[in-house]
Amino acid sequence: MDYHAPRVRVRFAPSPTGALHLGGLRTALFNYFFARKHEGVFVLRIEDTDQARFTPEAEENILSGLLWAGVEPDEGPEQGGRYKPYRQSERLLLYAVYAQRLVDEGHAYYAFDTPEEIAAMRKRFATKENPSPKYDASTRGEMANSLALPPAEVCRRLDRGDEHVIRMKVEPGERIAFEDRIRGPISFASEDIDDQVLIKSDGMPTYHLAHVVDDRTMWITHVIRGEEWLSSTPKHLLLYRYLGWEAPEMAHMPLIMNPGGKGKLSKRHAQANGLPVTVEQCRDAGYEPEAVVNFLARLGWNPGDDQALLSLDDMAERFSLDRVGGGGVQFDVDKLGWFNQQFLRTLSVGGLLGRAAKWGGTDFYTRKEHWERIVALMQSRVAFARDLPETCMYLFPDPEFDPDTYDERSVEKRWAPDSADLLSAYADRLGELQDFGAEQTETTLRALAEDRGVGAARIIHPVRLALSGVSGGPSLFAMMGVLGQEACARRIRKAVGALGLRLLTPDFPE
RNA sequence: GCCGCGUUCGUCUAGGGGUCCAGGACGCCGGCCUUUCACGCCGGUAACACGGGUUCAAAUCCCGUACGCGGUACCA
């Protein structure tokens, strides 16, 4: 590490307009990783300058989403920090001061045009080649601003309190170039940049002014954000220059696209396809945070080897902007599911039980021992911790579970004409066992099969069906051990009663 | 329209002039294991967008085209 380099400071700067989006979490993650990797600081800043789209619950939702994912800001509205406040609405004075400075130094100007007047201008100058003219050097002379109006008129309007905005003054004829940490050299012609509004007529700054002022005053060293910001970067660079500040490093991440590749991942599209699109939805759908984080991080970034499963710490340690690609990436929900399942399998029995217990629905704690035996049997068979109770209810002894329906397809496949007879005999022998361990029940079953001259499977399958009602599941003998002697015998006899009639079906397939 | 950024198996990606008739992972298909279902293991399917250059040699460099995405707001 270079001891003379300033400490790395990065930020995640969402706007509180709704729930934390997965794309937002991913941006936060990349910033977080970068900070951890370089022993830097990760800042959360709330960009609440859009009063029209402001949503009161959003900030809480964003923070809780980050915490759920294991990403804790080092500085932020809740955590505090020496560069507070961390909400833009609380830093208004700062933006006003710098905006004034830009005006005073000739890099910004007052504009009195109403939205209607601007729309009229666009219409007036519109051509086939340029359907949407900008408010820039080529048009500002025609508009009502402090560059075009006589100074006295400007003063009069200002004194009178006319609504106005402050726009940055962009001079044409320059190439604004920078090195993007992900994409390499990038440049824009200054005449393609408009005289961006810096202070809105409601007195609020726009994102462009606010984030530059904040990034500077919070000493942000690296701006890692979504690709949608790439084309406004030259404006930001100009602002840094106007203010006499050194710009931070820039890195624009590829966007997450809808499955199929059409457009960036949207709530609308996701909803139509039953996909989670917010952190909240992921949580509610039963995904584990570790899996979501792992999945999201690997969208656009790779650790440089074939390692797919990584913990938050692993990723933070291995993260590098050099290994982030430039192309958009599609959201693949199957892969998310795979990460979830993989993660569940890395858990200890107690760990998985804990994850399942979060969902409630059954008394995991008073029956902890029983549950642990079940979880051990089910771990490789469950894709979501939440599904655990439902998928293995048959591992509870009567009367909590007592099969009264038998999966029809399994019955057809596994219940044979001799099943009732074999199972009755097996139940009889089970009743005589002193020790009901897996070894004993299995030996007993195989001995019976031998006595009757049939394969063990001829008994095993119908017994499984009798015990669980279905044809899949954990090892039969392990299952019997969990259920206990009495429940097993009772269920077997019950099935014999319920399914024994099948004997009479003449064309039952062998 | 204009500006910018992208483009390797269906998806996420490795690869940065020769070691690539392109490697891994997910998915899918097949097999093994096995009392079932899973897990695991083994194998298979499948890609350098297109066209020109540069070079002894290009997935890799350059140019063009196509396509995709983003931006083009007093939203972020």
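To find a chain, count down the sequence lines: A is the first, B the second, and so on, and within it residues start at 1.
With a cut-off of 3.5 Å on both Watson-Crick or G-U wobble distances, the partner of B:G40 is given as B:C32. Nucleotide B:C75 forms no Watson-Crick or G-U wobble pair with any nucleotide shown, as no partner meets the under 3.5 Å limit on both distances. Nucleotide B:U60 forms no Watson-Crick or G-U wobble pair with any nucleotide shown, as no partner meets the under 3.5 Å limit on both distances.
The phosphate of B:A76 has neither OP1 nor OP2 within less than 4.0 Å of any side-chain N or O from A:Arg225. At the phosphate of B:A73, OP1 or OP2 sits under 4.0 Å from a side-chain N or O atom of A:Ser132. OP1 or OP2 of B:U34 has not a single side-chain nitrogen or oxygen of A:Ser475 nearer than 4.0 Å. Distances shown here put every side-chain N or O of A:Lys413 at or beyond 4.0 Å from the OP1 or OP2 atom of B:U35. Applying the 4.0 Å criterion to OP1 and OP2 of B:U13, one finds that A:Gln330 has every side-chain N and O outside that range. Side-chain nitrogen and oxygen atoms of A:Arg458 include none within less than 4.0 Å of the OP1 or OP2 phosphate oxygen of B:U36. Residue A:Arg122 places at least one side-chain N or O under 4.0 Å from the OP1 or OP2 atom of B:A73. The shortest distance between the side-chain N/O atoms of A:Lys235 and the OP1/OP2 oxygens of B:A76 is not below 4.0 Å. Side-chain N/O atoms of A:Arg345 include none lying less than 4.0 angstrom from OP1 or OP2 on B:A38. The side chain of A:Arg53 places no N or O atom within less than 4.0 Å of a non-bridging phosphate oxygen (OP1 or OP2) of B:A76. Regarding contacts with the backbone of B:C75, a side-chain N or O of A:Lys200 is found under 4.0 angstrom from either OP1 or OP2.
Nearest to the side chain of A:Ser231, among B:A38, B:G71, B:A76, sits B:G71. Which of B:A14, B:A38, B:G27 sits closest to the side chain of A:Asn302 comes down to B:A14. Comparing B:G15, B:U13, B:U36 by their closest approach to the side chain of A:Arg323 singles out B:G15.
As judged by a 4.0 angstrom heavy-atom cut-off over every strand, A:Gly455 is placed among residues making no nucleic acid contact. Base engagement by A:Leu476 is indicated by at least one non-hydrogen atom pair under 4.0 Å involving a base atom. Across all strands, A:Gly300 comes closer than 4.0 Å only to sugar-phosphate atoms, never to a base (heavy-atom distances). If you check every strand for non-hydrogen atoms under 4.0 Å, A:Arg298 touches sugar and phosphate atoms only. Looking at heavy-atom distances under 4.0 Å, A:Phe477 makes contact with a base. Residue A:Thr17 is out of contact with every strand shown, counting any heavy-atom pair closer than 4.0 Å. Within the 4.0 angstrom heavy-atom criterion, only backbone atoms of the sugar-phosphate kind lie near A:Gln342; the bases stay farther away. If you check every strand for non-hydrogen atoms under 4.0 Å, A:Ser380 touches a base. Residue-level contact check: A:Arg45 touches neither bases nor backbone, having no heavy atom under 4.0 Å from any strand. Residue contacts shown for A:Pro14 are absent, as no nucleic acid heavy atom lies under 4.0 Å away.
One C1' atom belongs to B:U34, the other to B:C42, and the distance between them is 16 Å to the nearest Å.
Closest-nucleotide positions on RNA chain B for A:Ile118 and A:Val382 were compared, and the one nearer the 5' end corresponds to A:Val382.
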Report task. Check the pair A:Tyr394, A:Leu483 against side-chain contact (heavy atoms from CB on, under 4.5 Å), reporting the backbone distance first and the verdict last. Result -> CA-CA 9 Å; A:Tyr394 55 78; A:Leu483 277 171; over 6 Å; no
Requested in this report: Test A:Lys235 against A:Asp194 for salt bridge (charged side-chain N to carboxylate O under 4.0 Å, His left out), laying out the working first.
Outcome: CA-CA 8 Å; A:Lys235 284 173 195 173; A:Asp194 67 342; 3.2 Å; yes
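Taken to the nearest 0.5 Å, the CZ atom of A:Arg414 stands 11.0 Å off from the CZ atom of A:Arg409. To the nearest 0.5 Å, atoms NE2 (A:His164) and OH (A:Tyr109) are separated by 13.0 Å. Expressed to the nearest 0.5 Å, how far CZ of A:Arg355 lies from CZ of A:Phe343 amounts to 4.0 Å. Taking CG of A:Asp332 as the start and CG of A:Leu299 as the end, the distance is 8.5 Å to the nearest 0.5 Å.
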